[in-house]
Trainee: 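First the structure, which I've put down as structure tokens, then a few questions once you've had a look.
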2 protein chains.
Amino acid sequence: MATRIPESEALLTPAEVATMFRVDPKTVTRWAKAGKLSAIRTLGGHRRYRESEVRALLAGIPHQRTGD
Amino acid sequence: MATRIPESEALLTPAEVATMFRVDPKTVTRWAKAGKLSAIRTLGGHRRYRESEVRALLAGIPHQRTGD
DNA sequence: CTCGACTGGGGTAATTTGGGGG
DNA sequence: CCTGTCCAAATTACCCCAGTCG
């Protein structure tokens, strides 16, 4: 076939996440700074969020715990 | 943007719902706490209400029955 | 390299939250 | 039983600008 991207997760822009939560993009950035959201930084410093992460948060799932 | 937003439901702020019902945002919060309204919480604790849900209630639809 | 649109950072006003009492 | 208002604290929204994205 063609481009088969393996270990790449669908990333969303701040505007995307902001729309899904009905908040301002700046607010999403605030969540990332607060550590409430996993943010991947581009080479320019911009943030990109994982779709799975956002959807999980929207579903009402608190924080991901890997055992305790 | 280029990315397409997945399944996202239009959400309304407490002020929006309050205006639509001609009540105070505090009252809308009570409905959410009473389970009369589906509320999605932001990562900051604020509530967001589904537009479809609110519109259905405004349309005169009572509560969701689970078989009758 | 240039272009339009979006993003990041800081600061301030508005909104929302929670509980108590009318 | 249901609703509107009080208080203080927390969170969110919008303003500016320059840099980055595609």
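Below, chains carry the letters A, B, ... as their sequence lines are ordered, and counting in each starts from 1. Note: hydrogens, waters and symmetry copies are ignored here, and every other heavy atom, side chains too, is used.
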Trainee: Would you write the dot-bracket representation of DNA chain C, where each base gets (, ), [, ], | or . depending on whether it forms a Watson-Crick or G-U pair under 3.5 Å and with which partner?
Mentor: ..|||||||||||||||||...
Trainee: Could you pull out the protein-nucleic contacts involving nucleotides 20-22 of chain D (nitrogen or oxygen on both sides, under 3.5 Å)?
Mentor:
unit_1	atom_1	unit_2	atom_2	d
dC21(D)	OP1	T42(A)	OG1	3.4
dC21(D)	OP1	G44(A)	N	2.9

Trainee: To the nearest 0.5 angstrom, please state how far the OG1 atom of T42(A) sits from the CG atom of L11(A).
Mentor: 10.5 Å
Trainee: dG8(C) P sits how many Å from L37(A) CG, rounded?
Mentor: 12 Å
Trainee: Supply the atom-to-atom distance L37(A) CG to L43(B) CG, rounded to the nearest 0.5 angstrom.
Mentor: 5.5 Å
Trainee: Give the rounded distance in Å between these two atoms: NZ of K33(A) and P of dT12(D).
Mentor: 13 Å
Trainee: Please set out all donor-acceptor pairs under 3.5 angstrom arising from side-chain atoms of residues 18-30 of chain B, sequence neighbours excluded.
Mentor:
unit_1	atom_1	unit_2	atom_2	d
T19(B)	OG1	A15(B)	O	2.7
T29(B)	OG1	P25(B)	O	3.1

Trainee: My understanding is that only residues two or more places apart in sequence, or in another chain, count here; which of them pass side chain to side chain contact (heavy atoms under 4.5 Å, CB included) with S38(A)?
Mentor: E53(A)
Trainee: I need the CD-P distance between E16(B) and dT12(D), as an integer number of Å.
Mentor: 17 Å
Trainee: Which pair of non-hydrogen atoms, one from Y49(B) and one from V17(B), has the smallest distance, and what is that distance?
Mentor: CD1-CG2, 3.7 Å
Trainee: Going by the salt bridge (charged side-chain N to carboxylate O under 4.0 Å, His left out) test, which pairs reach into residues 41-52 of chain B, not counting sequence neighbours?
Mentor: E51(B)-R55(B)
Trainee: It should be established whether K36(B) places a side-chain nitrogen or oxygen under 4.0 Å from OP1 or OP2 of nucleotide dC2(D).
Mentor: yes
Trainee: On a heavy-atom basis, which atom in W31(A) and which in G44(B) lie closest, and how many Å separate them?
Mentor: NE1-N, 4.1 Å
Trainee: Counting only side-chain nitrogens and oxygens, does W31(A) get under 4.0 Å of the OP1 or OP2 atom of dT12(D)?
Mentor: yes
Trainee: Going by number, which of residues 21-30 of chain A have a non-hydrogen atom under 4.0 Å from DNA chain C?
Mentor: K26(A), T29(A)
